[in-house]
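To start, the structure itself, in structure tokens.
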2 protein chains.
Amino acid sequence: MPLPKTEIPGRLQQLMSERGVRMTEQRRAILSVIETAKKHLDASQILRRAQRVDESVDRSTVYRTLNLLKRHGLIDELDLMHLGGEGHYYERKMSRDHIHMACLRCGKITEFESELFESLKDQMESECRFKIVVARLEIGGYCTVCRK
Amino acid sequence: MPLPKTEIPGRLQQLMSERGVRMTEQRRAILSVIETAKKHLDASQILRRAQRVDESVDRSTVYRTLNLLKRHGLIDELDLMHLGGEGHYYERKMSRDHIHMACLRCGKITEFESELFESLKDQMESECRFKIVVARLEIGGYCTVCRK
DNA sequence: TTAAGTGCAAATATTTTGCTGTCAC
DNA sequence: GTGACAGCAAAATATTTGCACTTAA
């Protein structure tokens, strides 16, 4: 017999609880959508998916929850070169920053991690005496297939 | 006696003409605003300033011109961590990419260039076989003054 | 001349907010 | 019990588009 949903919190839900954030059915639905997403989702996609878990979730609750997660530094907000409209895309913040490369022709998003990126951030922190909280590197160009 | 405006084209105007883009009073006004801006401007600010040069400039013409400049790769579009709303900021594309650091406390924008950034892009191009057209690195954090 | 560009108004898209009722703790 | 959160509707903000008129080349 499966455990009730409230007893299998994902990592995001756990982190929020640790910070004393009140957990609701709606937030649980939204967090699980973000947690299990295999691609970058925008607010409307998150809304639609969250409603499949909890019918009652409202668009404004999605935005309020996204803002909450941003403030807590638990998600990253991306533009992905606005390949699909003017809105933003969201993803769980990973321990190590990664770079997003968007193909301007086929729309494919490639992710990339690099030690050089880490060094660059170190350089900025020391040379500019700037304390980095969030770093976002987005690239537009042509992928392996489309550059030919 | 000063030359008429049409005879002192800025660099942007020159680049557009070279590409066979038709030049109008309105575009000249918008281009000169972008060209001479000392800080990053959003669409509304560009509109307001362009109207000081040519009263008739319409908001939609500003957006159409910004899209044109983006397509030609002559301007960069920035979020600047959305410190002042959900819109975008624009600036002339410089020969060398620069990084934007936005202070989450005082809002100050610091620009930074780095050889390491150039190396990182080289690495992406070779390791991912990705042809970079536009690169945008934006940082949020605390500046020298505010980090104290 | 004429294809491209413009203003205007309206549509669309995205995000926020005020309010009142509800629920997690 | 009560302060934080929810839905709902409306507002606010940001950007695009259709159309008839104008203009650069």
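Numbers restart at 1 for each chain; the letters A, B, ... are given by sequence-line order, proteins then strands.
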[X] has an atom [atom1]; how far is it from atom [atom2] of [N], in whole Å?
X: Gln51(B); N: dT6(C); atom1: CD; atom2: C1'; result: 13 Å
X: Glu86(A); N: dT15(D); atom1: CD; atom2: P; result: 6 Å
X: Gln45(A); N: dA13(C); atom1: CD; atom2: C1'; result: 14 Å
X: Asp79(A); N: dT15(D); atom1: CG; atom2: P; result: 11 Å
X: Met16(A); N: dA4(D); atom1: CE; atom2: C1'; result: 13 Å
X: Tyr89(B); N: dT15(D); atom1: OH; atom2: P; result: 10 Å
X: Asp42(B); N: dA12(D); atom1: CG; atom2: C1'; result: 15 Å
X: Leu80(B); N: dA14(D); atom1: CG; atom2: P; result: 14 Å

Taking OP1 and OP2 of [N], is either one under 4.0 Å from a side-chain nitrogen or oxygen of [X]?
X: His82(A); N: dT15(D); value: no
X: Thr24(B); N: dG5(C); value: no
X: Arg27(B); N: dT6(C); value: yes

Electrostatic pair [X]:[Y] at N-O distance under 4.0 angstrom:
X: Arg92(A); Y: Glu35(A); value: yes
X: Glu113(B); Y: Arg96(B); value: yes
X: Lys39(A); Y: Glu91(A); value: no

Can you pull out the residues from residues 58-77 of chain A that lie within a 4.0 Å heavy-atom distance of DNA chain C? Arg59(A), Ser60(A), Tyr63(A), Arg64(A), Asn67(A)
Say you draw a straight line from CD of Gln51(A) to CG of Leu47(A); how long is it, rounded to the nearest 0.5 Å? 4.0 Å
What nucleotide among dT16(C), dT15(D), dA6(D) has an atom nearest to a side-chain atom of Gln26(A)? dA6(D)
Using the rule given for side chain to side chain contact (heavy atoms under 4.5 Å, CB included), can you reason through Tyr142(A) versus Val133(B), listing the C-alpha separation, both sets of side-chain angles and the distance that settles it, and then say yes or no? CA-CA 8 Å; Tyr142(A) 297 98; Val133(B) 174; 3.6 Å; yes
Return whichever of Arg22(B) or Ser44(B) has its heavy-atom-nearest nucleotide of DNA chain D closer to the 5' end. Ser44(B)
Check the orientation of His82(A) and His88(B). Use parallel for under 30°, tilted for 30 to 60°, and perpendicular for over 60°. perpendicular
Let me see the working for Phe112(B) and Gln123(A) under side chain to side chain contact (heavy atoms under 4.5 Å, CB included), right down to the final yes or no. CA-CA 10 Å; Phe112(B) 183 61; Gln123(A) 184 193 29; 3.8 Å; yes
